[in-house]
Amino acid sequence: MRVYNFSAGPSMLPIEVLEEAQKEFLDFAGTGMSVTEISHRDKAFAPIVEEAEALLRELMNIPENYCVLFVQGGASQQFAAIPLNLMKSGKADYIVTGNFAKKAWQEGKIYGDARCVASSEDKTYTYIPDVDKIAFSDDADYVHITSNNTIFGTRYAKFPETKAPLVCDMSSEILSREIDVNKFGVIYAGAQKNLAPAGVTIVIARKDLIENPLPICPTMLKWKTQADNGSLYNTPPCFAIYMANLVLRHLKKLGGVKEINKVNEYKAGLLYDFIDNSSFYTNSVVKEYRSIMNVPFVTPSKELDEKFVKEAKANGLVTLKGHRLVGGMRASIYNAMPVDGVKKLVEFMKKFEQENA
Ligand SMILES: *Cc1c(COP(=O)(O)O)cnc(C)c1O
């Protein structure tokens, strides 16, 4: 029996995609081999990378002057790749809005003067600093932000206007809402939340920004290496890219980002409305910054939180335990979470409240 999996990542994939992968798992495109067995140099594989790139460009409306790369090492590897590719004058600004944002900043400090220009750590990351009031440095090589904060359940309602290129970690919200790529210098995202199984990371970088990596930048971390080789410099995560391609096809069939965003807003609305109308459950994020992907909430006590997670699991609603930094519960409701899953969760929450309030 399939359960509703509220994991923050790796997370659910659309059932149609899993079935498609299953159908062609033993014989991919008439090769008589599984896609996990064919060479990345095989002529059956090249079209997968090409199609995935083309679909991502179409769905996100990525302009021609940006390259699209499929790399490994997760978003965390990019925390280092960003300064190594961009920190020419040794300075960068970071907005610290959560655990991953902080990690990115700390990694930046290894390579130069990475400054935290705004942080929401004072209130345990329950809001996003007002981007219009931030004093950015005049001489920064880039400004780094995390658009959706997976652990704390916040997202930027509005992106900062910066002189330096804006570099954005979109791991937990890529393809969930429409964004204007032109506003960013670099967008990157580990795929295991909204796009594919773990193993592939997307980098979308303005072409003029990838030309002068620092001399110490390892070959594999140079975006230019990947760009010059169509993401096939070395063996790529073939299966993850193949799955990403199936997910992108599926998303296109659903009507693209605009349509999935409507569904995402609806799903998040169901959950937040219920929480806000209940005196039993609490979400402590400032409303205008609430994420539509990750929804943390608590009951009145730690004991009830534990009981909630256990009983929810017995009801087919799994991985609802919150991150250890926040406690309580967290429902991650990415693109692939069906509306029905959120409805089932709300029904369960209602019942649990009645039995335990
Ligand atoms: C999950 C996540 C990461 C870490 O991704 P890895 O691929 O595990 O390195 C980084 N940033 C954000 C916003 C995330 O949600």
Side-chain angles (χ1 to χ4, degrees), residues 5-13 69-84 94-108 110 114 116 119-121 124-129 142-156 159 166-177 179 184 186-204 220-221 223 226 231 236-237 239-241 243-244 247 264 268 285 289-296 319 321-326 330-337:
N5 175 12
F6 293 89
S7 169
S11 46
M12 286 186 87
L13 288 165
L69 313 175
F70 298 97
V71 301
Q72 303 199 49
S76 304
Q77 177 95 292
Q78 294 305 309
F79 296 167
I82 289 154
L84 284 164
Y94 282 76
I95 304 181
V96 177
T97 51
N99 202 45
F100 291 117
K102 193 172 183 177
K103 283 183 170 168
W105 171 45
Q106 282 165 342
E107 195 73 16
I110 295 173
C116 169
S119 165
S120 52
E121 194 170 9
T124 49
Y125 301 120
T126 49
Y127 69 101
I128 301 290
Y142 61 88
V143 174
H144 182 279
I145 65 168
T146 309
S147 60
N148 184 83
N149 296 277
T150 324
I151 296 173
F152 300 92
T154 63
R155 68 159 174 176
Y156 280 71
F159 294 111
L166 192 58
V167 175
C168 185
D169 179 356
M170 286 195 188
S171 294
S172 50
E173 72 152 348
I174 191 163
L175 295 160
S176 71
R177 60 167 159 165
I179 55 126
F184 300 87
V186 178
I187 291 168
Y188 66 103
Q192 69 272 24
K193 281 132 193 182
N194 241 350
L195 193 56
V200 64
T201 301
I202 309 294
V203 177
I204 300 161
M220 276 294 292
L221 292 194
W223 294 328
Q226 305 294 349
S231 297
F239 185 67
I241 296 174
M243 290 295 286
V247 170
N264 289 334
V285 171
Y289 303 118
R290 280 174 166 177
S291 168
I292 59 167
M293 296 279 99
N294 311 98
V295 183
T319 350
K321 191 170 162 33
H323 190 275
R324 67 197 142 75
L325 292 174
V326 180
R330 171 178 47 174
S332 293
I333 48 175
Y334 298 120
N335 284 359
M337 172 59 66

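Counting starts at 1 for both ligands and their atoms, in listed order.
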What pairs of donor and acceptor atoms, side-chain ones from residues 186-201 against any protein atom, are under 3.5 angstrom apart with sequence neighbours left out?
residue : atom : partner : partner atom : Å
Y188    : OH   : H144    : NE2          : 2.7
N194    : OD1  : N335    : N            : 2.9
N194    : ND2  : I174    : O            : 3.0
T201    : OG1  : G74     : N            : 3.2

*Apply ring-ring contact (aromatic ring centres under 6.0 Å, His included) to F6 and list each qualifying residue two or more places apart in sequence or on a separate chain.*
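ring-ring contact (aromatic ring centres under 6.0 Å, His included) check on F6 returns nothing, list empty.
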*asked:* Distance under 4.0 Å, heavy atoms only, partner ligand 1: which residues pass?
replied: G74, A75, S76, F79, F100, T146, N148, T150, D169, S171, S172, Q192, K193
_Within the 3.5 Å criterion, strictly below it, is a donor on N264 or S176 matched to an acceptor on the partner's side chain?_
no
_Y289: partners by side-chain hydrogen bond (donor to acceptor under 3.5 Å, both in side chains), with sequence neighbours left out_ = none
*Do V71 and Q77 come within less than 4.5 Å of each other through their side chains, counting heavy atoms only?*
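Answer no - side chains too far apart.
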_Could you check whether R177 pairs with E173 (Lys NZ or Arg NE/NH1/NH2 to Asp/Glu carboxylate O, under 4.0 Å)?_
yes
